Every structure is written in structure tokens, then in C-alpha cells.
Amino acid sequence: MSEPLVIEVSGLTKRFGERTVVDHFDIRVPKGAIYGFLGPNGSGKTTTIRMLCGLLTPDEGEGTCLGFDVRHEASRIKEEAGYMTQKFSLYEDLSIRENLDFVARMYRLDRRKERVQVALDELGLADRAKQLAGTLSGGWKQRLALAACLLHEPKLLLLDEPTAGVDPKARRDFWDEIRRLSAKGVTVLVSTHYMDEAVQCDFITYIAYGKKLIDGPSAMIPALVGLETWRVEGPNLGALAERLKAEPGVEQVARFGAVLHISGTDKPLLNQTVERLKAEETHHWSLQVAGLEEAFIYLMAGARDNFALDTPPEIAA
Amino acid sequence: MSGDGAPARKPARTGFSFRRFGAVLTKEFIQMRRDRITFAMMIGLPLVQLFLFGFAINADPHHLPTLVEMGDNGPLTRAVIAGMQQSDYFDFKGEVAGIAAGEEVLRRGEANFVVVIPQNFERDVIRGRMPEILIAADASDPSAVGGAAAALSGIVSVAVREVLTGPLAMPSGAPPFSVTVHREYNPEGKTSTNIVPGLLAIILSMTMVMITAVAIVKETERGTMEMLIATPVRPFEVMLGKILPYVFVGYVQTIVFLIAAAVIFHVPFEGSWLAFFLGFNLYIVVNLALGFLISTASRNQMQAMQLSFFTILPSILLSGFMFPFAGMPGWAQVLGTGVPATHFLRIIRAVMLKGGDVADVGPQCLALGIILVVISGIAMLRYRQTLD
């Protein structure tokens, strides 16, 4: 990694009572990167993000964020990081301008009126500045929240499931903005459930049960997951998909338009099954390099299973 | 929006920031103004309570409908009737013929009293035969009887003194109707004079505790606290900025209250303003601390509301507002001593009715101070735990 590290922590642990929510979490985030946090609900993504931006003090572990100690310099981190919460957390009974102005005053910004006006113009909300924030739609609330996070020009942006309940168009615009910020050198940490968002990230870390299971550049994730994928074309795919789900070695059947992608981590077992079906000569089979999509569908499907189990299964290859 | 190279903020400082505190304060006032119902409640509630308790709860009612059976028709009797017509206690409705008709009227509830003036009343008074005036009273509301009976004695005494002058004058000191009503600090025996000052203690504890608790819990419930603590703002700046507007509300309530007490209920203010000011501010701070404590124990606004109600009942029942404190059983007095309203009630009654000064309210202020230290101590401990 040629870029300097913005976050470098090791062994971060947080317990709430008896429960260990985050268990010895390590991460190294280079400047300007978009780093995706994936994992099921309750896996500790939000707690990890809160420890990184100084909202929570870790019980164990150490490291730095933006060059400040995560344990002892939380207030300095807060000055230079922007945190966008999962739920809309601006005041619904204040107007758009009042909200931005309030946040600007929290950071004691100079040229406050000017900054707020610029933010309103960029949002395209200048003519609705007096409208109460609570009356905005989900997509507009999200844009306003992002604008509020950016008022103090943070070097690090922490986004906790920022696009939940937002329509696809607004989500695309949102990610364009994230890309632009990243290009300017702002480091972005984002937690998400959406595959199409995970694909946008430069790096991915997968968390379950408070433990990091996978971590690396996006391009390397399929190899890390270790999926073997076959592509199937032919008639009657719906019936075939149903049948395949019960076959040994098949862990995932995903449909992409007129083709099926059949994946599994146990290569010999999967290939055995495929050879047997190939012999029926009803469909056209071809081996495929597993892509990010398959890997994420696999991770997310596994995540739901994880939730029901008591012990984390072995996902990493 | 980012990375233009210009310094976005002043170098990090760790102390208290008046700018941030001011921002929280301004925000709180804007929210208060937007929340019309709560705002109306803050101003309206004290007035409604003042009227309810001041007028409706009246252990000494006036204008009770009264009929008179006239056995005599002389100047003295007419003077008695005139006195009753002018009195606040009786509402003179007319004459009634015969005791049977009088009882019928009482039974139907058309009058509270039938006053029977015996035959030859005037003559017998002059001759010193101690004639007997009979009051047939509807005693279904016992509190309505006592005061009015005493008042009638007074009215007749006055009539006797006014009518029987010159040679007929009764020897002074021995009127046929001696009335001895001795009510210290409250010569007219009005319940409102006693109730109204105490009401300020109840109204303040009700609104201050509840509104503070709800305002703080609202911030966590709506998730805005998460945004707040992600900014460099310090917890102390948030607390102070959120609480101070409600101190202001307490001042407004008190001013409205004092004006209404003076103008509508004619409650005197005999004592020292300084003593009032001291006790009043202390009491407001104690209630805010209590509201703060409740907010640390509640997860949502509903819980904060319910917990606040728990504090209101002891304020009404154990403070001496409703029943005389000294008349309560020992254990109730012990509990009552821990209730802030008990002490403020004594302060305000001492100052408004008995002309008390700073020295007179010293022990009560000390008691409030001790309660304040205990409550805020527990609240700060709890607040530290909930922050992480």
C-alpha cells in the first residue's frame, strides 16, 4: 500500500456486559480508500465504526485513527471525522438550514453562514431551506445528512448503512458523491447490506459474530471465498434450479437473466455432480471464474445462516 | 466540498465552548417554540391548575342559597336580612312559610340553609332573654355548614349593634351572639389564601420535572443524541444548553402565577423578595436535577412521563399541600421530608403569608440543598454509565 494509513488498529474489543460484541478486530485503511464493512445484523459493524470514530472506548486493543489514539484522543478524532448514523439523526423539528447551522456551530466553523449556504446550493435545497427536515423524503433526508457530515470537511467519513430505505436513483447519486470524495482524498468507511454497493468498494471486510472473517481488496474476495462456479444455459431453467438446490456440492444457485450460476466451495463434490448432470445433455455447461457477485451472494446467504447458528461457520478458505 | 486547503476550524481546544453551548440553547428554544402543544401546556397548565385548585377546591364555600322563616318583622330582623343579603356567605333567596315548607326546600336541594327567626325576636333580645335562632342546614356537605353558621352569628351581632342604639344599646362585651373566630395569617378564613401559594410548589415540580426528563429522553429516543456525541460537543455543554431554557420556563410560570395570585385571589406577599428568590431558584434546580435523573432511567418519552407522574403524587399528598404536615403519621412525615415540594411549600408560605425573610427560610434552603446534592450525584453516576 503506497498511500499512508488513515486507520491502523489492532485487537479492538468491546464487551457489553457478558457479550463480546467486537472480538479482537484489526484493520488498516489507506488514505482515500472506500472500505466496505459487510456482515449480518448484529455482527458488530456499528460498534466497530463507533469505536473507530471515538464514540465508544474500546475495552481492549489499540491503534490510531487519523493519527490520533483511539483510546485517549477521541475528541480530536471527532473534530476531523464525519459520522453518518444508520437512522436519520438530524432534528426533524428544525428546518434544513437550522439543522446545517446547528451542526456547523457544533464544529465551531468559521464563515458559518457562507458554508451553510454553499451546502444548501450544492444540495439543491436553497429554495426549501425553511422546510422542516422531518417533512423530507427518505432520499432527501439522506442527502441532507451527508451534507451535514461534510460541513466541517472531514478527512474520514464513516457511513453506517447510509442507503437503507433509499430509492435506486438516489443510491446511485449517493455513490457518485462518495466516489468523488474518495478521489479528493477523503477516506470512506461504509457498512452495507447491498451487493451492488459492496461492489463499489475498493476493500471489503466481512464480519460475523464480532469477528473479522475476510479482509482484502475487492478483486481478491472471490479467491478468498474460494468458490467454484459453473454456468448453465438451456431450456426450463426454473425447474433445473429447483432440482439443483438438492444436489450434493451445490451451495448456491443464482439466476442472471437466461443463465444460472451454480457455485460451491467443495470443488470435487460439485464437479462430480456437474459431470453427472452434463451426461443428461439437456443443458450447456461451462466452467466460470467466480465473480464478486457470486462471492457476495454466497457471503450474504451464509450470513443469514450464521444468524441462526450458535457458532460461526468456516467461511474463509 | 472538501480539501480546499483552507483551515476549516479553529485549533482543537478542550475546554467549555460557549459557542457550542449557545448553539444547543438556541436549538432548544426553536424546538420549544415549534412544539406548540407542549408550549401551551407549560403556560396553560399553571393557569388551569390555579383556577381548579384556587376556586373549585374550596373548603369554605360562599354564596350558599338560604331561605328565612320570619317569625318577627321588626327593624332588627330586617337588619339581619339586609346583613345576609350583603354577605358573601349567604345568597338570600327569600322567605319561607312554616318549618315544614322549609324542610321541603332543603330536601329538594334548593337551599343549603333555612334560617328560622323566632317570634318576638327583637323584644326578647332587648329583654335579654337570649332568643334562639334556628338554622336548619343541609349538612350533606359538612364543610359548607361550619363557616356559614359562624358567619350568621356575626351578621346578627352586627345587626344588634347597629339597630339597638341609644337607650336600647346592649351592654358591650356581652352581646347575645358572641362570635369568636380566630384565624391567624388569614383573617377572612379564605381557603384560597392557603392553597394558592402551595400551588406554585406543585405546578413547578410537575412541569419542571416532566419537561426536563422528556426533553432529554427525546434526544436519545429520536437518535439525535448519536449525531450530537459524534460532534466535538461536550456532554456538559449539551446538558446546560438543554436545561437552561426550562429554567426560563419556570421563571415565566412563576411570574404568571404571582400575578394571578395577587390579582385574582388577592393573596398577599408579606415577606422578603430575596428569600423568595433564593428558595425559588434552588427549588427549580432541584426539580431539573430530578428530571435529569428520571431521563437517565427512561428509555423513551412515555417512560419519562410515567416516572415523572410518580414524583408528582408525593408532592401533592406528602408535602403538606393537601393535608397539614404535622397531622400526618410519623412514617409519612419521614417520607415527606425527602420530597422537595415539602420544603419549598414552607418557604413560600412563610414568605408570602407570614412575612418571612432570608433567615426564616434558611433551614428549608439547606434541606433543598441536601436533596439537590443527593439527586444530582445519582444522576451524574447514571449519566456516565449510559454514555458508553
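Values in this document were obtained by computation on a predicted structure and should not be read as measured data. Atom set for the values below is all heavy atoms of this structure, side chains included, hydrogens, waters and symmetry mates excluded. Chain A is the first sequence line, chain B the second, and so forth, proteins listed ahead of strands; every chain is numbered from 1.
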**Study point:** Shortest non-hydrogen separation from B/Lys218 to A/Asp93 and the atoms involved
**Key:** NZ-OD2, 4.4 Å

Point to revise | Residue part contacting chain A, namely of B/Glu237, when any heavy atom lies under 4.5 Å | key: neither

Exercise for review: For side-chain contact (heavy atoms from CB on, under 4.5 Å), just list the numbers for B/Ile30 and A/Phe102, CA-CA rounded to whole Å, side-chain angles, deciding distance to a tenth of an Å, and then say yes or no.
Suggested key: CA-CA 11 Å; B/Ile30 295 174; A/Phe102 178 73; over 6 Å; no

Review point. Side chain, backbone, both or neither: which part of A/Leu132 has a non-hydrogen atom closer than 4.5 Å to chain B?
Key: side chain

Review point. To the nearest 0.5 Å, how far apart are CD in A/Glu98 and NZ in B/Lys27?
Key: 11.5 Å

Exercise for review: Please name the pair of heavy atoms, one in A/Tyr107 and one in B/Ala230, separated by the smallest distance, quoted to 0.1 Å.
Suggested key: OH-O, 3.8 Å

Exercise for review: With the side chain counted from C-beta on, respond yes when A/Val103 and B/Met227 share a heavy-atom pair under 4.5 Å apart, and no when they do not.
Suggested key: yes

Revision key, fill the gap. So CE of B/Met225 and OG1 of A/Thr85: to nearest 0.5 Å the spacing works out to 13.5 Å

Exercise for review: Begin with the C-alpha distance, continue with both residues' side-chain angles, and end with the deciding distance and a verdict on salt bridge (charged side-chain N to carboxylate O under 4.0 Å, His left out) for A/Glu92 and B/Arg34.
Suggested key: CA-CA 11 Å; A/Glu92 304 218 334; B/Arg34 297 258 157 83; over 6 Å; no

Check your understanding: Within the side chain of A/Lys87, is there an N or O that forms a donor-acceptor pair under 3.5 Å with the backbone of B/Arg222?
Key -> yes

Review point. Which atom pair, heavy atoms only, marks the closest approach of B/Gly223 to A/Ser89?
Key: O-CB, 3.2 Å

**Study point:** Candidate list A/Arg108, A/His152, A/Met106, test side chain to side chain contact (heavy atoms under 4.5 Å, CB included), partner B/Thr231, passing option
**Key:** A/Met106

Check your understanding: A/Lys78 side chain to B/Ile229 main-chain N or O, any donor-acceptor pair under 3.5 Å?
Key -> yes

**Study point:** Stepwise side-chain contact (heavy atoms from CB on, under 4.5 Å) check, A/Ser75 with B/Arg234
**Key:** CA-CA 9 Å; A/Ser75 61; B/Arg234 317 238 166 262; 3.9 Å; yes

Practice item. Under 4.5 Å, counting heavy-atom pairs only, tell me which of A/Arg105, A/Gln86, A/Met84, A/Arg50 racks up the most with chain B. Key: A/Arg105

